[in-house]
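One structure is given below, encoded as structure tokens.
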Amino acid sequence: MPIRIANLSKYYRKGLKAKKRAIEDLNLEIKKGEVFGFLGPNGAGKSTVIKILLDFIRPDSGSITIKELPVNEPKVRKYIGYLPENPFFYDHLTAEETLKFGGKTAGMEKGVLEERIDQLLTCLNLFHVKKQPIRTYSKGMVQRLGLALALIHEPEICILDEPMSGLDPLGRRLVADLILDMRKMGKTVFFSSHILSDIESLCDRIGILNEGKLLFCGPLEDFVEESTGLEAAFIKIIETDRKVKNE
Amino acid sequence: MKKGLIISLVLFFLFSLSAYLYARTKIYDQCTDVKEIHATASQLPPEIIKSLAGEFKGIMADYFLLEAATVIGAQNKLNAEDWKAISRLFKQSMALDPYFKQTYSLIQATLPWEAKMPECAIELLKTSSRHCYWDWQPDFYIGFDYYYHLKDNLNGSKYLMEASKKPGASPLLGLLGARLSQKGGQTKAGIAFLRTMYENEKNEDTKKQIKQRMDALEGVLILEEAIEKFTLNFDRLPKNLDELITAKILTVIPENPYHDTYYYDHKTGIISYDTAL
Amino acid sequence: MNNIWLLAQITCKEGLRNRALLGILFFAVLLCVINLIFTNMFAYDLGKVAVEVGLSVVSISGLAIIFFMGINLMAKDLDKRTIYMILSRPISRWQYIVGKFFGLGLLVFISVIILGLFSAGSVKFIILTVPNYIPPDFSWAPFLIALIYIFISLLIVTSIALLYISVTSSSFLAMIITAGSYFIGQNVEIVRKMYCQAEKDTGNEVSKQLVEIISWIFPNLAIFDLKTTAAYGLPLNASELIWPVLYGISYIGMILIIAIVIFQRRELT
């Protein structure tokens, strides 16, 4: 099982004593080869879950494994390609140098790596700026470079935090095609997004998070009623949950 | 954290710690066995240091002075290089803060005596005197140095007079100034000088040093007077100091607080408490 | 291990391409040129002045690089989240700290070499033009050793900066504390000696203990200052040279380990 999250909880300290619940008792399993969409309103905890998967944040309880390995082992990340929400790079390096770093640290061979860099940059429409420093890039180009860095080592699992943010429609189509390609190649994709139309077109299963709790997890078809569509269903489930909480 | 990582970190830490402790003991001196601290003073001219110090002149002045004081206090024997560096530190400290009493006190306590640099002391003291118009001591020290170390009675007298004009000066200073023009009586004047310094000094350590010098000079005086008596009686200079005892002029040779005995040159009849003076 | 070297490489590259580095180096080279003019203001021991100023330039520039660039390079990682780019690879936290340290160390090393050459150049020029004013025992070996020692003391400051950055991500705070540690490190020896020699116990047992404790925690940077020795060509005891090196390296090791432990537990929100 590529990603397995069991009984995950994370609290943040608020002031001296109060604990604010960020994630509460989350159970989630991502199957191999599927595209899983992670939805939720702002502040629901989506980024937190992703950061825990990458060992940036440590959970207070629960066990998280990727390919049956605990996430706090660095070698796990050899199988993961990560795209953060707003990727930042060392501005004075070039795309080529950054990708070389990414590939070499993941253990790629030099020849293979160079080929892959060219291939990936061409695919993402960045080949013409391969040797320019990243500080000259536009926001869309930075985002695409982030994607390139996530994919350079051909990981089995891709974890993308808002991959479409900041991209123009052309860029969004590019990324969508890439995700579909990945599914075709049997890779697992786990991404979080606000853009429901993308979720609808790309995902096999979805999970909906609100205030740290998983409200729904399952195939897309099961969630969306024919007449209303994803957006309406989404808003409905969130509002119901909020009403329940306020009672 | 993984167990393996923890263990290797702990091991590395212990290893580094032991290396650190070992190296440290090799470098550091025992408290009682201080290796030579050499005075290091920057070569920059004082004016540049002044501008570099900016608003922190006072602190820098204190720092230079402390450095000088540490080196002086650390050892008994400092060579000429060290004294040159120390005098440079004094100069720099003076340039940054010419009003500081501690500076000129320390200068007077060390430069004319052990360092044998009375001219340097005088030059520095003149800066103090210029700035501390309320303080009679710098001029007093200058006068003393001219008179005692440089044997220049004229300038000695001049500066003593200057000192006597400043507020708080003892009226005796005028008298001392006058006395200087008198030939001979050098030792007596020196003792009188030192007594004034002794009475005005607040610092216990410096007081002790002044007292030591006073005792030394008083011993010299006793011997000088004894030699004079001897010369009057026997029409020649005594061959050595013991002759004074056998001639029953003295019952005992006074003790030299600095060395084993007083040094007597039987050719010139001069007594000194230090071989070099 | 490869990861450490890769990280060091990109850290160093990023620093080298930063314009601020050019600024610092340019300024330092300028100072070396001024050194030549400056030295003529003295009547004696010109060679000594040239060496002292030259080595001081290397030291000051090294510190400027650490404070203005080095700390930024690390703080930026945490502030602007560039660290995600690194830690999303199969790199462990301790490799990150060590890699960063080597990267910054490499940066400092390059600047020490460049400035050392310029500084040596200005000294050589003076030796050639006014040979009468060189201290008789001057030779290049002490100069080189003084440079090495400067490099080691800069590495110590770098490791301290790394430690404080892993505790706080504010570059300003880290800069201040590191600067304070540097200042303490330079002066701890002389203060300790002063206290050690106080013959009378002026009731300051507490201060004495405090000074002793501080001298154990903070590095004694003054032992790495060989400027006067290099300037005069004073004799160096070869067997004694190794102890400060061992001291420095072991201190750096301990600091890095503490930094690793702290950073290992840090949450990167």
Side-chain angles (χ1 to χ4, degrees), chain A residues 10 12-13 22 47-48 50-60 66 69 72-94 97-108 133-135 142 145-146 148-150 152-153 155 158-161, chain C residues 1-23 69-70 72-100 102-104 107 166 169 260-269:
Chain A
K10 176 72 188 167
Y12 282 118
R13 215 153 266 290
S47 285
T48 309
I50 291 183
K51 283 178 188 161
I52 291 178
L53 280 174
L54 275 138
D55 200 32
F56 294 154
I57 304 178
R58 278 58 184 277
D60 287 319
I66 293 183
L69 294 165
N72 59 13
E73 272 180 47
K75 64 176 182 245
V76 139
R77 298 197 275 280
K78 208 166 143 187
Y79 309 114
I80 304 178
Y82 172 61
L83 175 65
E85 194 170 335
N86 283 318
F88 277 105
F89 301 97
Y90 283 172
D91 284 333
H92 294 89
L93 296 179
T94 66
E97 285 165 343
T98 312
L99 291 177
K100 270 206 178 129
F101 170 74
K104 282 190 185 160
T105 49
M108 287 177 80
I134 298 177
R135 61 187 159 80
V142 170
L145 179 60
L149 188 59
I152 185 74
H153 54 302
C158 287
I159 300 178
L160 314 170
D161 201 343
Chain C
M1 297 316 122
N2 195 29
N3 286 347
I4 296 176
W5 171 237
L6 287 167
L7 181 55
Q9 263 184 315
I10 62 167
T11 306
C12 189
K13 264 195 204 157
E14 172 76 4
L16 284 175
R17 294 194 193 159
N18 194 332
R19 302 244 175 84
L21 185 78
L22 282 175
M69 284 191 54
N72 257 333
L73 278 177
M74 294 185 283
K76 216 172 51 162
D77 260 5
L78 295 164
D79 224 23
K80 277 177 50 184
R81 316 280 191 250
T82 47
I83 198 175
Y84 289 163
M85 168 189 131
I86 300 173
L87 285 184
S88 58
R89 320 317 299 177
I91 294 182
S92 50
R93 301 258 178 130
W94 72 266
Q95 284 175 331
Y96 173 77
I97 294 275
V98 177
K100 270 291 188 208
F102 277 119
L104 290 167
L107 203 59
S166 59
S169 53
I260 289 174
V261 171
I262 292 178
F263 194 65
Q264 188 80 17
R265 306 172 67 91
R266 191 174 166 156
E267 309 246 303
L268 307 165
T269 47

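So you know, we letter chains A, B, ... as the sequences are listed, proteins then strands, and number each from 1.
- Per-residue heavy-atom pair counts under 4.5 Å with chain A were compared for C:Leu16, C:Thr11, C:Ile83, C:Asp77, and the maximum is reached by C:Asp77.
- A salt bridge is absent between C:Glu267 and A:Arg58: the closest approach of a Lys/Arg side-chain nitrogen to an acidic carboxylate oxygen does not fall below 4.0 angstrom.
- Using a 4.5 Å cut-off between heavy atoms, A:Thr98 touches chain C through its side chain atoms alone.
- Note that CD1 of C:Ile91 and CE of C:Met85 are 9.0 Å apart. Values are rounded to the nearest 0.5 Å.
- When heavy atoms are compared at a cutoff of 4.5 Å, A:Asp91 approaches chain C by way of both its backbone and its side chain.
- Listed options A:Tyr90, A:Phe89, A:Tyr82 were ranked by heavy-atom pairs under 4.5 angstrom with chain C; first place goes to A:Tyr90.
- Of the atoms belonging to A:Lys104, heavy atoms from both backbone and side chain fall under 4.5 Å from chain C.
- Contacts between C:Asn18 and chain A at a heavy-atom distance below 4.5 Å involve backbone atoms as well as side-chain atoms.
- You'll find the ring centres of C:Phe263 and C:Tyr96 inside the 6.0 Å limit.
- Note: A:Leu93 leads A:Leu93, A:Leu83, A:Leu54 in heavy-atom pairs under 4.5 Å with chain C.
- Side-chain atoms of C:Ser92 and C:Gln95, non-hydrogen and from C-beta on, do get closer than 4.5 Å to each other.
- Counting heavy-atom pairs under 4.5 Å between each of C:Arg89, C:Arg266, C:Gln9 and chain A puts C:Arg89 at the top.
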